[in-house]
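Heads up, the thing below is written out as C-alpha coordinates.
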Amino acid sequence: MRKVSVADVDPVPHLMGANSNRRPISRAIDEMDFAMTVFELEPGESFSGAPHKHLNQEELFYITEGTATWHTKADAGAEPEVFEVGAGEVVHFAADDVFQTGVNESDGVVKGFAMGVPGSRHEWEKALGLVDCPECGDETVHTFRVVEGAADVRMPDPEEMVIACRECGNEL
(Lines give C-alpha, C1' and ligand atoms only; values in the text may rest on other atoms or scores of the structure.)
Protein backbone atom coordinates (compact mmCIF):
# COMPACT_ATOMS: atom_id res chain seq x y z
CA MET A 1 0.00 0.00 0.00
CA ARG A 2 1.25 3.46 -0.83
CA LYS A 3 -0.47 6.80 -0.25
CA VAL A 4 0.64 9.89 -2.15
CA SER A 5 -0.79 13.40 -2.20
CA VAL A 6 -1.14 14.74 -5.74
CA ALA A 7 0.09 18.10 -4.42
CA ASP A 8 3.36 16.41 -3.40
CA VAL A 9 4.05 15.15 -6.94
CA ASP A 10 6.37 17.60 -8.67
CA PRO A 11 4.96 19.11 -11.86
CA VAL A 12 6.76 18.03 -15.03
CA PRO A 13 5.81 20.44 -17.82
CA HIS A 14 5.39 19.04 -21.32
CA LEU A 15 8.60 19.11 -23.36
CA MET A 16 6.94 21.18 -26.11
CA GLY A 17 5.44 23.68 -23.64
CA ALA A 18 1.90 22.35 -24.16
CA ASN A 19 1.13 22.54 -20.44
CA SER A 20 2.74 23.58 -17.18
CA ASN A 21 0.79 21.84 -14.41
CA ARG A 22 1.24 18.18 -15.32
CA ARG A 23 1.80 15.80 -12.40
CA PRO A 24 2.88 12.27 -13.38
CA ILE A 25 1.52 10.07 -10.60
CA SER A 26 3.14 6.99 -12.13
CA ARG A 27 6.54 8.58 -11.41
CA ALA A 28 5.66 8.94 -7.74
CA ILE A 29 4.42 5.35 -7.53
CA ASP A 30 6.82 3.53 -9.82
CA GLU A 31 5.35 0.08 -9.16
CA MET A 32 2.23 0.81 -11.22
CA ASP A 33 1.66 -1.06 -14.49
CA PHE A 34 -0.30 1.85 -15.93
CA ALA A 35 0.45 5.50 -16.52
CA MET A 36 -1.50 8.18 -14.69
CA THR A 37 -1.01 11.92 -14.99
CA VAL A 38 -3.04 14.68 -13.34
CA PHE A 39 -3.47 17.87 -15.39
CA GLU A 40 -4.57 21.41 -14.69
CA LEU A 41 -4.75 23.23 -18.01
CA GLU A 42 -4.89 27.00 -18.27
CA PRO A 43 -6.72 28.51 -21.28
CA GLY A 44 -4.82 27.65 -24.45
CA GLU A 45 -2.90 24.73 -22.92
CA SER A 46 -3.29 21.14 -24.09
CA PHE A 47 -2.74 17.62 -22.82
CA SER A 48 -0.10 17.00 -25.51
CA GLY A 49 2.02 18.97 -27.94
CA ALA A 50 0.43 17.77 -31.17
CA PRO A 51 -2.15 15.34 -32.52
CA HIS A 52 -0.68 11.92 -31.76
CA LYS A 53 -1.47 8.28 -31.17
CA HIS A 54 0.19 5.47 -29.28
CA LEU A 55 0.70 2.24 -31.20
CA ASN A 56 0.87 0.03 -28.11
CA GLN A 57 -0.96 1.91 -25.36
CA GLU A 58 -4.57 2.95 -24.92
CA GLU A 59 -5.50 6.18 -23.17
CA LEU A 60 -8.45 7.28 -21.06
CA PHE A 61 -8.99 10.94 -20.16
CA TYR A 62 -11.34 11.91 -17.31
CA ILE A 63 -12.32 15.56 -16.95
CA THR A 64 -13.09 16.62 -13.38
CA GLU A 65 -13.57 20.36 -13.95
CA GLY A 66 -14.22 22.51 -17.01
CA THR A 67 -14.56 21.42 -20.62
CA ALA A 68 -11.77 20.16 -22.88
CA THR A 69 -12.06 20.18 -26.67
CA TRP A 70 -10.65 17.21 -28.56
CA HIS A 71 -9.44 17.28 -32.15
CA THR A 72 -9.06 13.89 -33.83
CA LYS A 73 -7.93 12.84 -37.29
CA ALA A 74 -7.89 9.46 -38.97
CA ASP A 75 -4.62 10.31 -40.77
CA ALA A 76 -2.41 13.16 -41.95
CA GLY A 77 -4.33 15.74 -43.96
CA ALA A 78 -7.73 14.34 -42.96
CA GLU A 79 -10.55 16.60 -41.84
CA PRO A 80 -10.58 16.84 -38.05
CA GLU A 81 -13.47 15.72 -35.88
CA VAL A 82 -13.96 18.12 -32.97
CA PHE A 83 -15.91 17.35 -29.80
CA GLU A 84 -16.06 18.47 -26.18
CA VAL A 85 -15.58 16.44 -23.02
CA GLY A 86 -16.98 18.06 -19.89
CA ALA A 87 -16.70 17.51 -16.15
CA GLY A 88 -17.73 13.99 -15.21
CA GLU A 89 -17.10 12.66 -18.73
CA VAL A 90 -14.38 10.44 -20.18
CA VAL A 91 -12.95 9.83 -23.61
CA HIS A 92 -11.10 6.62 -24.52
CA PHE A 93 -8.61 6.04 -27.35
CA ALA A 94 -7.61 2.48 -28.19
CA ALA A 95 -4.02 1.64 -29.12
CA ASP A 96 -3.33 2.66 -32.73
CA ASP A 97 -6.61 4.61 -32.82
CA VAL A 98 -7.02 8.08 -34.31
CA PHE A 99 -4.53 10.92 -33.93
CA GLN A 100 -5.83 13.05 -31.06
CA THR A 101 -5.14 16.07 -28.92
CA GLY A 102 -7.20 17.62 -26.14
CA VAL A 103 -7.09 21.40 -25.67
CA ASN A 104 -8.48 23.90 -23.18
CA GLU A 105 -10.26 26.28 -25.56
CA SER A 106 -12.32 27.81 -22.73
CA ASP A 107 -11.70 30.87 -20.59
CA GLY A 108 -11.47 28.80 -17.39
CA VAL A 109 -9.24 26.06 -16.02
CA VAL A 110 -9.66 22.44 -17.14
CA LYS A 111 -8.75 19.76 -14.60
CA GLY A 112 -8.57 16.06 -15.23
CA PHE A 113 -6.34 13.08 -15.53
CA ALA A 114 -5.09 10.69 -18.15
CA MET A 115 -4.45 6.98 -17.77
CA GLY A 116 -2.53 4.82 -20.21
CA VAL A 117 -2.22 1.04 -20.28
CA PRO A 118 -0.20 -1.09 -20.40
CA GLY A 119 2.92 0.25 -18.75
CA SER A 120 3.67 3.07 -16.35
CA ARG A 121 4.77 5.28 -19.24
CA HIS A 122 4.42 5.30 -22.99
CA GLU A 123 7.32 4.44 -25.27
CA TRP A 124 8.29 7.34 -27.53
CA GLU A 125 9.30 4.94 -30.31
CA LYS A 126 5.75 3.52 -30.28
CA ALA A 127 4.07 6.91 -30.74
CA LEU A 128 3.30 8.85 -33.92
CA GLY A 129 2.47 12.53 -34.29
CA LEU A 130 1.04 14.79 -36.97
CA VAL A 131 3.36 17.69 -37.76
CA ASP A 132 3.67 20.15 -40.65
CA CYS A 133 6.88 18.99 -42.34
CA PRO A 134 8.87 21.92 -43.75
CA GLU A 135 10.52 19.59 -46.28
CA CYS A 136 7.31 17.94 -47.57
CA GLY A 137 5.23 21.10 -47.27
CA ASP A 138 2.31 19.14 -45.82
CA GLU A 139 1.07 17.70 -42.55
CA THR A 140 2.76 14.29 -42.31
CA VAL A 141 3.17 11.49 -39.78
CA HIS A 142 6.29 11.87 -37.63
CA THR A 143 8.12 9.47 -35.35
CA PHE A 144 9.70 10.26 -31.98
CA ARG A 145 13.02 9.09 -30.58
CA VAL A 146 14.89 10.07 -27.43
CA VAL A 147 18.63 10.54 -28.00
CA GLU A 148 21.01 8.20 -26.23
CA GLY A 149 22.14 9.55 -22.88
CA ALA A 150 19.06 11.77 -22.33
CA ALA A 151 18.75 12.85 -18.71
CA ASP A 152 15.01 12.08 -18.62
CA VAL A 153 13.63 9.56 -21.11
CA ARG A 154 10.06 10.03 -19.86
CA MET A 155 9.85 13.76 -20.61
CA PRO A 156 13.15 14.69 -22.29
CA ASP A 157 14.31 18.20 -23.03
CA PRO A 158 13.45 19.20 -26.62
CA GLU A 159 17.11 18.99 -27.68
CA GLU A 160 17.14 15.36 -26.47
CA MET A 161 14.29 14.38 -28.78
CA VAL A 162 14.41 13.57 -32.49
CA ILE A 163 11.14 14.07 -34.37
CA ALA A 164 11.35 12.74 -37.92
CA CYS A 165 9.00 12.75 -40.90
CA ARG A 166 8.06 9.23 -42.05
CA GLU A 167 7.65 10.51 -45.63
CA CYS A 168 11.00 12.20 -46.27
CA GLY A 169 13.09 11.55 -43.13
CA ASN A 170 13.48 15.26 -42.32
CA GLU A 171 14.32 15.73 -38.65
CA LEU A 172 12.90 18.62 -36.65
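No salt bridge links Glu40 with Arg23; every basic N to acidic carboxylate O contact stays at or beyond 4.0 Å. We find that Arg121 and Asp30 are not joined by a salt bridge, their nearest charged nitrogen and carboxylate oxygen being 4.0 Å or further apart.
Val9 places a side-chain heavy atom less than 4.5 Å from the side chain of Pro24. Contact annotation: the side chain of Thr140 never approaches that of Arg166 to less than 4.5 Å [non-hydrogen atoms, C-beta and beyond]. Residues Val131 and Glu139 are not in side-chain contact: their nearest non-hydrogen atoms beyond the backbone lie 4.5 Å or more apart. In this structure the side chain of Arg27 reaches within 4.5 angstrom of the side chain of Asp152, judged on heavy atoms. Using a 4.5 Å heavy-atom cutoff, the side chains of Asp138 and Asp132 are not in contact. A heavy-atom distance below 4.5 Å is found between the side chains of Phe83 and Thr72.
In the hydrophobic cluster analysis, where Ile, Leu, Val, Met, Phe, Trp and Tyr join through side-chain heavy atoms closer than 4.5 angstrom, Leu172 is grouped apart from Val162. Val110 and Val91 fall within a single hydrophobic cluster, where Ile, Leu, Val, Met, Phe, Trp and Tyr side chains are chained together by heavy-atom contacts under 4.5 Å. No chain of hydrophobic side-chain contacts below 4.5 Å, direct or via other Ile, Leu, Val, Met, Phe, Trp or Tyr residues, connects Val109 to Val38. Under a hydrophobic-cluster definition in which Ile, Leu, Val, Met, Phe, Trp and Tyr are linked whenever side-chain heavy atoms come within less than 4.5 Å, directly or via other members, Leu130 and Phe144 are assigned to different clusters. In terms of hydrophobic clustering, with Ile, Leu, Val, Met, Phe, Trp and Tyr side chains grouped at heavy-atom distances under 4.5 Å, Val103 and Val82 are assigned to different clusters.
A donor-acceptor contact closer than 3.5 angstrom links the side chains of Glu58 and His92. Checked by atom type, the side-chain pair Ser20/Glu42 shows no donor-acceptor distance below 3.5 Å. Defined by atom type and a distance below 3.5 Å, a donor-acceptor pair is present between the side-chain atoms of Ser48 and Thr101. Asn104 and Ser106 form a side-chain donor-acceptor contact under 3.5 Å, judged by distance and modelled atom types alone.
Separating the NE2 atom in His142 from the SG atom in Cys165 is a distance of 4.5 Å, to the nearest 0.5 Å. Taking CE from Met115 and CE from Met32, the interatomic distance works out to 9.0 Å, rounded to the nearest 0.5 Å. Separation of atoms CD (Glu160) and CG (Leu15) is listed at 10.0 Å; rounding is to 0.5 Å. Interatomic distance, CD of Glu125 versus CG of Asn56, reported as 10.0 Å (0.5 Å rounding). Taking CG from Asn170 and SG from Cys133, the interatomic distance works out to 4.5 Å, rounded to the nearest 0.5 Å. The distance from atom OG1 of Thr37 to atom CZ of Arg22, rounded to the nearest 0.5 Å, is 5.0 Å.
A donor-acceptor contact shorter than 3.5 Å links the side chain of His52 to the backbone of Gln100. For the pair Asn19 (side chain) and Asn21 (backbone), a donor-acceptor distance under 3.5 Å is absent. Here the side chain of Trp124 pairs a donor or acceptor atom with the backbone of Val153 at under 3.5 angstrom. At least one donor-acceptor pair under 3.5 Å links the side chain of Ser26 to the backbone N or O of Ser120. The backbone N or O of Pro118 lies less than 3.5 Å from a partner atom in the side chain of Gln57, making a donor-acceptor pair. When atom types are taken as modelled, the side chain of Glu105 and the backbone of Pro43 share no donor-acceptor pair closer than 3.5 angstrom. Within the 3.5 Å criterion, the main-chain N or O of Ala28 finds a donor-acceptor partner in the side chain of Arg2. One N or O on the side chain of His14 and one on the backbone of Met16 form a donor-acceptor pair closer than 3.5 Å. With hydrogens and angles disregarded, no donor-acceptor distance shorter than 3.5 Å links the side chain of Thr69 to the backbone of Glu84.
No more than 12 heavy atoms of other residues, nucleotides or ligands sit less than 6.0 Å from atom NZ of Lys126. Annotation: Glu159, atom CD; neighbour count of heavy atoms from other residues, nucleotides and ligands within 6.0 Å is above 12.
A cation-pi arrangement, defined by a distance under 6.0 Å to the six-membered ring centre and an angle within 45 degrees of its axis, is present between Lys53 and Phe99.
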Show your working on side-chain contact (heavy atoms from CB on, under 4.5 Å) between Leu128 and Thr143 and close with a plain yes or no.
CA-CA 5 Å; Leu128 300 174; Thr143 58; 3.9 Å; yes
Let's go through Ile25 and Val6 carefully: what are the C-alpha distance in whole Å and the side-chain angles of both, what is the deciding distance for side-chain contact (heavy atoms from CB on, under 4.5 Å) to 0.1 Å, and is it a yes or a no?
CA-CA 7 Å; Ile25 305 304; Val6 172; 4.0 Å; yes
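The ring pair (Phe, Tyr, Trp, His ring centres under 6.0 Å) search around Tyr62 returns Phe113, not counting sequence neighbours. Taking the ring pair (Phe, Tyr, Trp, His ring centres under 6.0 Å) definition, one finds that Phe47 meets it with Phe39, Phe61, Trp70, sequence neighbours left out.
In plain terms, the two heavy atoms of Leu41 and Glu45 that are nearest each other are CA-OE1, 3.5 Å.
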